[in-house]
Structures are given as C-alpha cells and as structure tokens.
Amino acid sequence: MEAQVQGLLETEPLQGRDEDAVASADFSSMLSEEEKEELKAELVQLEDEITTLRQVLSAKERHLVEIKQKLGMNLMNELKQNFSKSWHDMQTTTAYKKTHETLSHAGQKATAAFSNVGTAISKKFGDMSYSIRHSISMPAMRRK
C-alpha cells in the first residue's frame, strides 16, 4: 500500500511518455458537471492572471527603460560595461594567467634574442668600418 501511495505522491516532473499518456486520457467522463464548471472557471481565472502578469511585466520593462534613460544608460554603455566585465572575468581565469605568463616570457626571450642580433650586426658593421678606414689609410694599399 505504501508503494502505491509513494507512486501517487511523486514530486518528479512528468517525462515525455507520461505527458503523452496524460494528454491522450479522457478525464471528462470521470468528472461531474459541477467539477467541470469549477475547472472551467479556474481555467478562465488562470488565463486572466497570466494576462495580468504579462501586462504588469510589460509596464515594469517600460519603467526600467525610462529609468535607464534618465541615468544615461543606453545600449552602447551597457555593451561597454558587459564587455569590460567579461574582459575582467576572462583575465582572472587560470588559463588566461598561464597563457599571459607564457607569452610574456616568450616575448622577453625574443626581445633578448633581437637585442643580441642587433648588437652582433652593429659590431660587424663597426668592424667593417674600421677595416675600410684602416685600409684606406695604409699607403701600401693605395693605388698609384
């Protein structure tokens, strides 16, 4: 008996086939005329409440837009704020921090490498300049 009661009191939502079974069942023959009238009245009341709630929601949304306009908040400002927040959130992720650290380290290495290449090229040009100046100044190297 307890298993039956448990089955009747389940709190889980209906699954697809359960919904189909309920939708195809004809409960109208099981209801008295009075119960049918009560359910129809409840249905009308629920539809009216839903309509009222939609109207209230619409009014609140209009009011929200008015307040935002008064505060100078427009779509562009909201997009900027959302972008800024998203950028900040992304920067605080572990993946971003690790990537930033790795790229920063690689950038430092590349800078050092370019600096060394630049120094080597400068030194080579300096040596070539000295060699040219030295050869011009030597009388034996001059042509007559």
Side-chain angles (χ1 to χ4, degrees), residues 1-138 141-142:
M1 174 103 180
E2 189 172 303
Q4 276 186 326
V5 172
Q6 180 63 24
L8 294 174
L9 300 177
E10 286 186 23
T11 58
E12 295 298 314
L14 294 176
Q15 301 302 318
R17 66 174 188 245
D18 296 332
E19 290 174 353
D20 293 340
V22 169
S24 65
D26 183 17
F27 293 110
S28 62
S29 62
M30 296 171 44
L31 300 173
S32 68
E33 286 301 315
E34 183 180 330
E35 290 172 323
K36 286 180 186 179
E37 290 302 316
E38 286 176 9
L39 287 175
K40 285 180 183 178
E42 186 178 353
L43 180 63
V44 169
Q45 182 183 0
L46 285 172
E47 288 173 343
D48 287 345
E49 288 176 3
I50 289 170
T51 301
T52 302
L53 289 171
R54 285 187 178 136
Q55 291 170 348
V56 169
L57 177 62
S58 179
K60 288 192 178 286
E61 286 174 338
R62 283 192 303 273
H63 187 64
L64 174 75
V65 169
E66 290 171 4
I67 290 173
K68 284 184 176 183
Q69 286 174 343
K70 287 178 183 177
L71 292 173
M73 297 170 70
N74 58 24
L75 181 60
M76 187 56 86
N77 287 343
E78 286 187 50
L79 288 174
K80 285 181 197 175
Q81 288 174 349
N82 288 343
F83 179 77
S84 294
K85 183 182 180 323
S86 297
W87 178 248
H88 178 266
D89 291 347
M90 188 202 54
Q91 286 179 316
T92 58
T93 63
T94 305
Y96 177 85
K97 289 178 182 176
K98 286 181 180 178
T99 303
H100 182 267
E101 183 180 309
T102 301
L103 292 176
S104 178
H105 186 66
Q108 290 171 356
K109 292 282 189 181
T111 300
F114 286 132
S115 178
N116 289 339
V117 168
T119 301
I121 291 172
S122 294
K123 185 172 188 243
K124 207 54 149 164
F125 280 136
D127 291 348
M128 286 173 48
S129 173
Y130 174 77
S131 179
I132 292 171
R133 274 194 316 239
H134 184 65
S135 65
I136 292 174
S137 67
M138 292 182 71
M141 303 280 297
R142 288 191 202 154

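These numbers come from the heavy atoms of this one structure, side chains and all, not from hydrogens, waters or symmetry mates.
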[atom1]-[atom2] distance between [X] and [Y], expressed to the nearest 0.5 angstrom:
X	Y	atom1	atom2	result
E35	E33	CD	CD	10.0 Å
L64	Q69	CG	CD	10.0 Å
E37	L31	CD	CG	11.5 Å
K97	T94	NZ	OG1	6.5 Å
T52	D48	OG1	CG	6.5 Å

Open item on the list: Taking side chain to side chain donor-acceptor pair (under 3.5 Å) as the definition, give me every residue that meets it alongside Q91, ordered by chain and number, with sequence neighbours left out.
Closed with: W87
- [ ] Check side chain to side chain contact (heavy atoms under 4.5 Å, CB included) between S86 and all other residues, then give those that pass, not counting sequence neighbours.
- [x] none
Open item on the list: Set out, in order, the CA-CA distance, both residues' side-chain angles and the distance that settles side chain to side chain contact (heavy atoms under 4.5 Å, CB included) for L57 and L53, then state yes or no.
Closed with: CA-CA 6 Å; L57 177 62; L53 289 171; over 6 Å; no
Task: Derivation and outcome, salt bridge (charged side-chain N to carboxylate O under 4.0 Å, His left out), residues E101 and K98 - done: CA-CA 5 Å; E101 183 180 309; K98 286 181 180 178; over 6 Å; no
- [ ] Check whether more than 12 heavy atoms from other residues, nucleotides or ligands sit under 6.0 Å from atom CE of M76, and answer yes or no.
- [x] no
Task: S115 backbone acceptor or donor facing T119 side chain under 3.5 Å - done: yes
Which atom pairs, one a donor and one an acceptor, fall under 3.5 Å between side chains of residues 38-46 and the rest of the protein, sequence neighbours left out?
from: Q45; atom 1: NE2; to: E49; atom 2: OE2; distance (Å): 3.3

TODO: Mind listing the closest non-hydrogen atom pair of T93 and D89 along with its distance?
DONE: CG2-O, 3.4 Å
Open item on the list: Assess, by modelled atom type and distance only, whether the side chains of R62 and S58 contain a donor and an acceptor separated by less than 3.5 Å.
Closed with: yes
